[in-house]
Structure formats: C-alpha cells, structure tokens
Amino acid sequence: MERIRAWMGENRITEVECLIPDFTGNARGKILPAEKFLRDRGMRLPENIFIQTVTGDWPEDDEMVDPIERDMVLVPDVNTLRFVPWGAEPTGQVIHDCYNPDGSLVDIAPRSVLRRVLNLYKEQGWTPVVAPELEFFLVQKNVDWDYPLEPPVGRNGRPETARQSFSIDAVNEFDPIFEEMYDFCEAQGLEVDTLVHEQGAAQMELNFLHGDAMDLADQVFLFKRTMREAALRHDVYATFMAKPMEEEPGSSMHIHQSVLDREGNNIFAGQNGGFSTAFHRYIGGIQKHTKAALAFQAPNVNSYRRLAFGDSAPTSMHWGVDNRTVGLRVPHCDAPNTRVENRFAGADANPYLAMAVTLACGYLGMMKGYECSDPLTTSAYDQPFSLTRTLEESLQALEQDSDLAEVLGERFVRAYVAVKRKEYETYSKVISSWEREFLLLNV
C-alpha cells in the first residue's frame with residue numbers, strides 16, 4: 001500500500017477507480033476519493049456481482065453463492081496501478097483481486113480463475129507466454145437498437161463501402177481517434193504493438209506484445225475501456241461484438257501461446273526444427289475440450305454468428321502450419337518462438353477467461369497425454385463443421401466436461417453456466433424484426 005500511496009502523492013491523484021472484471025469482462029467496482037481509498041486500505045463488494053447477467057438480471061439457480069449476499073474483501077494489485085488519462089481531474093485506476101474473509105481467493109472471480117490455472121503451470125515448472133490480437137469495429141453512433149449498425153464517416157466525409165484489408169490510407173481516415181488511443185495507451189503503460197485494417201468496413205486489429213498471461217489479460221481488459229473512450233470523444237462507437245454487422249466479417253481475439261520451462265526454453269520446440277511431444281499433446285488438449293471451451297471463447301448468443309456465418313472464422317478443430325483456415329494455427333517461426341495461435345475466441349470474450357480456458361485445455365493435454373490430429377495442409381473450410389452452433393450447446397458441453405471443470409473450479413463453472421443460460425433464455429424471449437417481417441402475415 002505504501003507504494004500506491006507514494007505514487008498517488010507524486011502524481012497528485014484526487015480520486016481512484018477501483019476495478020473488478022466481471023464475467024462479461026466489464027469493469028465493476030467503486031470510484032473513491034484518493035484520501036478515502038488510502039485511509040480505508042481496501043473496500044468490499046458483494047460476491048453476487050459475479051452472477052449478474054449482461055442484462056442486469058439474476059439466474060434462478062443461484063445456489064453457488066451465499067444467499068446472505070456476503071461481502072468480498074478487495075485487495076488492489078499494485079502492478080495494475082495506472083492513470084485514467086481521460087479523467088477531468090488527476091485520476092488513478094487499479095484492478096483488485098477478490099478474497100474471502102479467511103484470506104483465500106474468491107474462486108468465481110475471473111482473475112482468480114486465471115490465477116488458478118497459472119498456478120497449475122507453476123507447479124510443473126512451466127511459464128505460459130501469450131500474445132493476444134484483438135479485432136474491433138468503429139461504427140456510427142447508434143441510439144436506436146432497432147436499426148442496423150453502419151460504418152462511421154472518415155476524414156474524407158464518406159463511410160467505407162468496400163473491404164480494405166491492410167490498407168494504410170483506410171486506417172488514416174480515423175487518425176484523430178487512433179492518435180488519442182495511442183496517447184491513452186502510453187499513459188497507461190499498455191504495450192500495444194501493431195495496428196492494421198482488417199477485412200470489414202472500419203474494422204481494425206490491434207496486436208499486443210507477448211508476455212505474462214495475467215498482465216496481458218489486464219491490458220486487454222483496460223484497452224477495451226480505452227478504445228471505447230477514445231472513439232466516444234470523436235462521436236463514434238468502438239464495438240467488440242463478435243458479429244456486429246450482417247454483411248461484415250466477425251471480430252476475433254486470437255491468442256498466441258507457448259510454454260517455457262524453468263530454464264526459459266520453449267517446451268514446444270522439438271529436435272531438428274520439429275515439434276515436441278508436449279506441443280502435440282498441448283494441441284490435443286485444446287482439440288479435445290474445444291466444444292466446452294467455446295462457452296468462454298464464444299460467450300454470447302451473437303458469438304455464434306461469427307463462427308457459423310462469418311468470414312475468416314474457424315469452423316472445425318483442425319490445426320496446421322501457417323494455415324489461417326484452421327482453428328489452431330502454428331506460424332512459421334524459429335524454435336524459440338514456436339507457438340500455437342488459438343483462433344476460436346471472439347473479441348467479445350472475457351480476456352481472463354479466454355486465456356484461462358485455452359491454457360487449461362493445453363495443460364490437460366500435456367498432463368493426460370492427449371494426442372492431436374495430423375496437421376491439415378488444405379483449406380479447413382472444406383471440412384465438416386464440427387463446433388457447437390449455439391451458446392446452449394456449448395454450455396451443455398461444459399457441464400459434461402468434468403476434467404475442465406476441475407481445472408477451472410467447479411463452483412465457478414456452475415456459476416458461469418447459470419449466468420450464461422439466463423442470458424440465453426432472456427435473448428430467446430425477444431421477438432426479432434426478421435420474425436415480424438416474414439412471419440407476421442405469412443404464416
């Protein structure tokens with residue numbers, strides 16, 4: 001706490017945003033005057049904030065949390081202390097971990113779930129290294145959700161109408177937004193790397209430098225807030241929906257991952273430039289548990305529009321070398337950089353849970369000796385669709401996967417399934433414009 005006190009004093013911080021990532025990946029918490037934050041040495045919030053759905057509802061099945069709505073003890077992680085660069089007054093932000101009164105981590109908190117998986121790696125002398133690539137769309141402001149989203153107007157006064165993959169000039173159309181985004185990221189110490197224009201109209205991809213999984217999950221969590229804020233300051237929305245527009249491709253969060261041993265050697269690298277046994281088992285673990293893992297990597301009803309109907313999205317569990325049609329791509333690289341790119345997760349995924357589940361699947365593969373399929377050298381789009389098609393199917397697969405539940409935490413899995421099933425049921429009650437257009441007078 002003294003380190004936080006010193007930092008806040010040096011920077012004349014007047015208030016603090018105390019953040020907790022929820023199941024959706026949104027920021028929950030409190031905003032406190034700096035003096036109160038330092039004086040109270042922590043804060044409390046009810047544990048049941050984790051079982052509130054994205055619509056603000058609560059699942060009928062809430063037996064996994066205490067009915068008295070007990071408080072959690074929130075402890076700031078000093079490593080996440082940063083400025084809020086868009087604050088009107090000098091404002092700090094810090095992500096908190098959630099603890100029970102006995103000092104144990106609250107096992108249903110997303111950060112706790114990722115920490116649980118990382119501790120399993122630590123017990124084996126392994127260190128995961130990850131690098132996320134996050135896609136998103138810029139869209140015109142839309143205050144009436146009955147109307148489809150549209151690309152924003154750029155500096156030339158016109159919206160994009162054609163796909164502009166990797167176009168420099170198309171990115172430059174939104175220079176004022178991205179200049180502010182980069183300034184905000186620099187002020188927060190977010191290690192963003194490459195910005196490119198993706199396939200969709202005003203669709204972008206931002207890459208992060210590789211590093212520690214918890215730190216990168218924190219950075220993705222903070223970047224989403226940052227990008228939305230930078231866009232809003234220019235009267236534009238930034239959206240991380242998996243499939244926001246009918247005729248445009250979906251947005252993903254590809255996660256590159258490798259594992260180092262105690263000496264810092266990449267355990268995926270085999271002899272003579274090949275792949276190791278651990279590498280094949282890691283991929284085998286992801287393949288075996290993909291259907292259950294999609295509950296976290298495709299966590300919303302909209303997520304399956306990207307997978308089932310989107311462009312450049314995986315449709316099967318194949319892997320291949322430098323093959324962008326598969327779900328598990330292995331880039332061409334030298335032995336120290338041998339890695340797997342998991343392409344299943346959408347941009348709408350909670351970064352803590354998406355990273356936790358892909359690492360959990362790989363861990364199970366290595367520990368249980370799973371074998372992977374042969375690498376695919378042709379287009380995976382010519383193969384049968386082999387993923388779950390709806391959120392409900394993924395939740396059913398998750399409920400039946402006892403090995404994955406043991407790694408992630410059984411109470412957490414029960415709570416997560418209850419929340420997501422409630423969201424699915426709420427969505428299913430909505431009568432869509434398609435139904436009104438085609439069924440109202442024709443059936």
Side-chain angles (χ1 to χ4, degrees), residues 21 24-27 80 82 95 110 114 128-139 165-166 170-171 174 177-178 180-182 184-186 188-232 236-245 248-257 294 296-300 302-303 306-307 310-314 324 327 329 331 339-359:
T24 304
N26 287 327
T80 68
R82 292 173 166 91
I95 302 173
L114 178 55
V129 178
V130 303
E133 301 173 345
L134 187 63
E135 296 173 350
F136 59 93
F137 277 89
L138 298 177
V139 299
S165 298
F166 298 102
V171 174
F174 305 102
I177 295 175
F178 293 124
E180 192 144 33
M181 177 271 286
Y182 273 116
F184 287 166
C185 288
E186 183 178 3
Q188 296 173 90
L190 304 183
E191 296 181 331
V192 296
D193 188 15
T194 307
L195 175 69
V196 299
H197 196 294
E198 266 293 341
Q199 290 187 40
Q203 184 188 28
M204 310 294 167
E205 177 184 280
L206 190 85
N207 299 340
F208 292 78
L209 296 177
H210 66 274
D212 173 77
M214 182 66 75
D215 180 51
L216 266 300
D218 287 338
Q219 290 194 50
V220 173
F221 166 68
L222 294 173
F223 173 76
K224 286 187 174 183
R225 299 186 74 216
T226 300
M227 190 65 245
R228 290 190 188 103
E229 181 64 30
L232 280 173
V236 169
Y237 286 161
T239 179
F240 296 91
M241 280 180 66
K243 179 75 169 170
M245 289 184 276
E248 299 294 340
S251 292
S252 66
M253 181 172 62
H254 298 160
I255 305 174
H256 292 251
Q257 52 214 270
L294 280 175
F296 304 101
Q297 296 168 337
N300 302 298
N302 176 262
S303 308
R306 165 183 167 258
L307 294 174
D311 297 334
S312 300
R324 283 186 167 82
R329 173 177 171 261
R339 63 191 185 274
V340 179
E341 178 191 13
N342 187 325
R343 298 169 64 85
F344 292 116
D348 57 336
N350 178 317
Y352 301 95
L353 301 181
M355 291 184 191
V357 76
T358 189
L359 293 175

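Note: hydrogens, waters and symmetry copies are ignored here, and every other heavy atom, side chains too, is used.
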Could you grab the distance from atom [atom1] of [X] to atom [atom2] of [Y], nearest 0.5 Å is fine?
X      : Y      : atom1 : atom2 : value
Thr358 : Gln257 : OG1   : CD    : 3.5 Å
Met204 : Phe174 : CE    : CZ    : 5.5 Å
Glu198 : Glu205 : CD    : CD    : 5.0 Å
Glu180 : Thr226 : CD    : OG1   : 11.0 Å
Asp193 : Glu133 : CG    : CD    : 9.5 Å
Arg228 : Phe223 : CZ    : CZ    : 10.0 Å

Side chain to side chain, Leu195 and Tyr182, heavy atoms closer than 4.5 Å: yes
Taking [X] for the side chain and [Y] for the main chain, is one N or O donor matched with an acceptor at less than 3.5 Å?
X      : Y      : answer
Gln188 : Phe184 : yes
Arg343 : Arg324 : yes
Glu248 : Ala201 : yes
Gln219 : Leu190 : no

Pair Gln297-Asn342, side chain to side chain contact (heavy atoms under 4.5 Å, CB included): steps then yes or no: CA-CA 10 Å; Gln297 296 168 337; Asn342 187 325; 3.3 Å; yes
Verdict with supporting geometry, Glu135 and Met253, side chain to side chain contact (heavy atoms under 4.5 Å, CB included): CA-CA 6 Å; Glu135 296 173 350; Met253 181 172 62; over 6 Å; no
Aromatic plane relationship, Phe240 with Phe136 - under 30° parallel, 30 to 60° tilted, over 60° perpendicular: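 Phe136 vs Phe240 ring planes: tilted.
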Identify the heavy atoms of [X] and [Y] that sit nearest to each other, and give their distance.
X      : Y      : value
Leu114 : Ala213 : CD2-O, 4.0 Å
Met227 : Leu138 : CE-CD2, 4.2 Å
Gly327 : Phe344 : CA-CZ, 3.7 Å
Thr80  : Ile95  : OG1-N, 2.8 Å
Ala354 : Ala349 : CB-CB, 4.0 Å
Lys243 : Asn302 : N-OD1, 2.8 Å

Arg339/Arg329 under side chain to side chain contact (heavy atoms under 4.5 Å, CB included): CA gap, chis, key distance, verdict: CA-CA 9 Å; Arg339 63 191 185 274; Arg329 173 177 171 261; over 6 Å; no
With sequence neighbours excluded, residues passing salt bridge (charged side-chain N to carboxylate O under 4.0 Å, His left out) with Asp218: Arg111
Asp348, Thr239, Leu134 screened by side-chain contact (heavy atoms from CB on, under 4.5 Å) with Lys224, the one that passes: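 Of all the options given, the one that passes is Leu134.
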